[in-house]
Amino acid sequence: MAITLRIPGVDGLSAAVGALREWQHDGAPMQLHPGDLGWFWRSGAEATAAAVRTWSRDGQILAVGLLDGPGLLRLTTAPDAQRDEELARQLVDDVTEPERGVLPEGKVNIEAPMGALVHDLLFEDGWNADEPWTPLRRDLTAPVQDPGVRIEAVGPEQAHVFAAVQRAAFDGSKFTDERWHAMAAGLPYADARCLVAYDDRANAVAAVTVWSAGPGRPGLLEPMGVHREHRRHGYGEAITLAAAAALQELGSSSALVCTPSSNVGAVATYTSAGFQQRPEVRDRYRDTP
């Protein structure tokens with residue numbers, strides 16, 4: 001059977017999210033998670049659908065991609081299809097020919113699980129390795145220690161608080177109350193939580209969103225940030241511990257996060273919260289068509 005590339009549309013997002021849930025398992029390489037689609041959903045269901053690509057054979061989804069920016073495709077495949085040569089060659093053809101509607105001409109990046117055949121084929125086609133990222137994982141079978149600060153789960157009434165911390169934590173962020181509501185209306189948010197940490201003066205100092213992929217599967221932190229006026233007080237570690245505890249309550253087997261290796265402060269924060277570094281990963285990039 002031929003492999004079919006599709007833009008799923010809003011009605012097809014459920015199948016894409018469902019496939020991503022099924023593909024998450026402990027021991028898997030860092031890969032696209034349903035929470036990545038959930039975080040993108042802050043731009044709305046229509047924008048999310050327009051950014052998703054699926055590859056199917058005989059009605060079964062084998063690969064899902066998210067255009068997380070104009071020149072970045074975040075791609076993963078079903079676990080038993082990572083070395084599927086027909087699929088890998090189809091993926092390479094589709095991402096290298098702009099008329100197929102996946103990636104444009106010029107400099108573009110592809111994130112894919114390390115060890116997937118598509119990495120090897122892109123290398124053979126002249127794609128280079130980009131800057132390293134560090135995945136980190138925390139096992140959730142043991143109890144998570146208390147974060148030592150007040151933590152509150154965010155509902156619709158606290159959306160403005162979460163949005164304010166988000167903007168203060170990330171330079172250039174345009175996150176708003178409306179974006180929170182759009183995200184919370186998305187399919188993946190049914191198994192997600194937004195948390196805010198407060199200092200002893202009731203200032204909102206840090207925030208995180210956690211995404212479950214279902215009981216017994218790895219959950220994701222995306223994103224975590226500390227208000228720029230409240231850094232270097234341990235609030236990053238505290239909100240990360242709260243995130244791990246929230247995922248544990250949701251039934252996740254482990255907690256995952258990934259950060260640029262150059263962000264040594266973030267790596268140190270996650271490590272201090274009990275996360276263990278995993279082997280670095282790198283995108284593939286192409287400078288010219």
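Because only heavy atoms are used, hydrogens play no part in the values below, and waters and symmetry mates are left out as well, while side chains stay in.
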Would you please test Thr134 and Tyr270 for side chain to side chain contact (heavy atoms under 4.5 Å, CB included) and show each step?
CA-CA 11 Å; Thr134 297; Tyr270 293 124; over 6 Å; no
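- Put simply, the side chain of His119 gets close to the backbone of Ala112: a donor and an acceptor are under 3.5 Å apart.
- Put simply, the side chain of Arg284 never gets that close to the backbone of Val118: no donor and acceptor are under 3.5 Å apart.
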As a quick check of understanding, evaluate side chain to side chain contact (heavy atoms under 4.5 Å, CB included) for Val161 and Glu152, giving each step before the final call.
CA-CA 11 Å; Val161 177; Glu152 288 193 359; over 6 Å; no
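- At a threshold of 4.5 Å between non-hydrogen side-chain atoms, the residues Arg179 and Ser43 count as touching.
- The shortest side-chain heavy-atom distance between Val108 and Trp127 falls under the 4.5 Å cut-off.
- Applying the 6.0 Å contact sphere to CD of Gln276 captures no more than 12 heavy atoms from other residues, nucleotides or ligands.
- Using a 4.5 Å heavy-atom cutoff, the side chains of Val149 and Glu237 are not in contact.
- Considering only residues two or more places apart in sequence or on other chains, Asp94 meets the side chain to side chain donor-acceptor pair (under 3.5 Å) condition with Trp55, Gln90, Arg100.
- A donor-acceptor pair under 3.5 Å links the side-chain atoms of His33 to the main chain of Gly35, judged by distance alone.
- You'll find the side chain of Leu195 reaches within 4.5 Å of the side chain of Ile239, heavy atoms only.
- For the pair Asp84/Thr77, no side-chain contact is recorded, criterion being any heavy-atom separation below 4.5 Å from C-beta on.
- Remark: the backbone N or O of Leu62 is not paired with any side-chain donor or acceptor of Arg57 at under 3.5 angstrom.
- Looking at Gln158 and Cys194, their side chains never come closer than 4.5 Å, going by heavy atoms from C-beta outward.
- Arg167 places no side-chain N or O within 3.5 Å of a backbone atom of Ser173 that could act as its donor or acceptor partner.
- Taking Ile, Leu, Val, Met, Phe, Trp and Tyr as members and joining any whose side-chain heavy atoms lie under 4.5 Å apart, directly or through other members, Phe123 forms no hydrophobic cluster with any other residue.
- Counting all heavy atoms, side chain and backbone alike, Ala19 lies closest to Ile61 at CB-CG2, 4.2 Å.
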Test side chain to side chain contact (heavy atoms under 4.5 Å, CB included) applied to Ser252 and Arg217, step by step
CA-CA 5 Å; Ser252 298; Arg217 301 181 185 277; over 6 Å; no
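- No donor-acceptor distance shorter than 3.5 angstrom exists from the side chain of Arg42 to the backbone of Phe175, with no hydrogens or angles considered.
- Gln248 places a side-chain N or O within donor-acceptor distance of the main-chain N or O of Ala142, the cut-off being under 3.5 Å.
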Test side chain to side chain contact (heavy atoms under 4.5 Å, CB included) on Leu247 and Leu140 and set out the steps.
CA-CA 8 Å; Leu247 284 173; Leu140 295 179; 3.8 Å; yes
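- In this structure, Arg282 and Ala129 approach most closely via the heavy-atom pair CD-CB, 3.9 Å.
- Cys258 has its side chain within reach of Pro135: a pair of non-hydrogen atoms, C-beta onward, lies under 4.5 Å apart.
- Evaluation of the salt bridge (charged side-chain N to carboxylate O under 4.0 Å, His left out) rule for Arg278 yields no partner, not counting sequence neighbours.
- Residues Met30 and Leu220 have side chains in contact (heavy-atom distance under 4.5 Å, counting atoms from C-beta outward).
- In this structure, Pro113 and Leu75 approach most closely via the heavy-atom pair CD-O, 3.3 Å.
- Summarising the geometry of Ala266 relative to Thr259, their closest heavy-atom pair is CB-OG1, 3.6 Å, with the distance given to 0.1 Å.
- Heavy-atom minimum distance, Val17 versus Pro34: CG1-CB, 4.2 Å.
- Cluster note: Leu72 groups with no other residue, as no ILVMFWY side-chain heavy atom lies under 4.5 Å from it.
- The hydrophobic cluster containing Val257 also contains Met224, counting ILVMFWY residues as joined when their side-chain heavy atoms lie under 4.5 angstrom apart, directly or transitively.
- Within the structure, salt bridge (charged side-chain N to carboxylate O under 4.0 Å, His left out) pairs that include any residue of residues 116-136 comprise Arg83-Asp120 (at least two apart or interchain).
- Between Arg193 and Glu249, none of the side-chain N atoms (NZ, or NE/NH1/NH2) sits under 4.0 Å from a carboxylate O, so this pair counts as no salt bridge.
- The aromatic rings of Tyr235 and His233 sit tilted relative to each other, their planes meeting at an angle between 30° and 60°.
- In Gln60, the CD atom is not crowded: 12 or fewer heavy atoms of neighbouring residues, nucleotides or ligands sit closer than 6.0 Å.
- Gly236 and Thr269 make their closest contact through C-CG2, 3.4 Å (heavy atoms, listed as atom of the first residue, atom of the second, distance).
- The backbone N or O of Ala169 lies less than 3.5 Å from a partner atom in the side chain of Arg231, making a donor-acceptor pair.
- Identified under the side chain to side chain donor-acceptor pair (under 3.5 Å) test for residues 194-216, with sequence neighbours left out: Asp199-Asn203.
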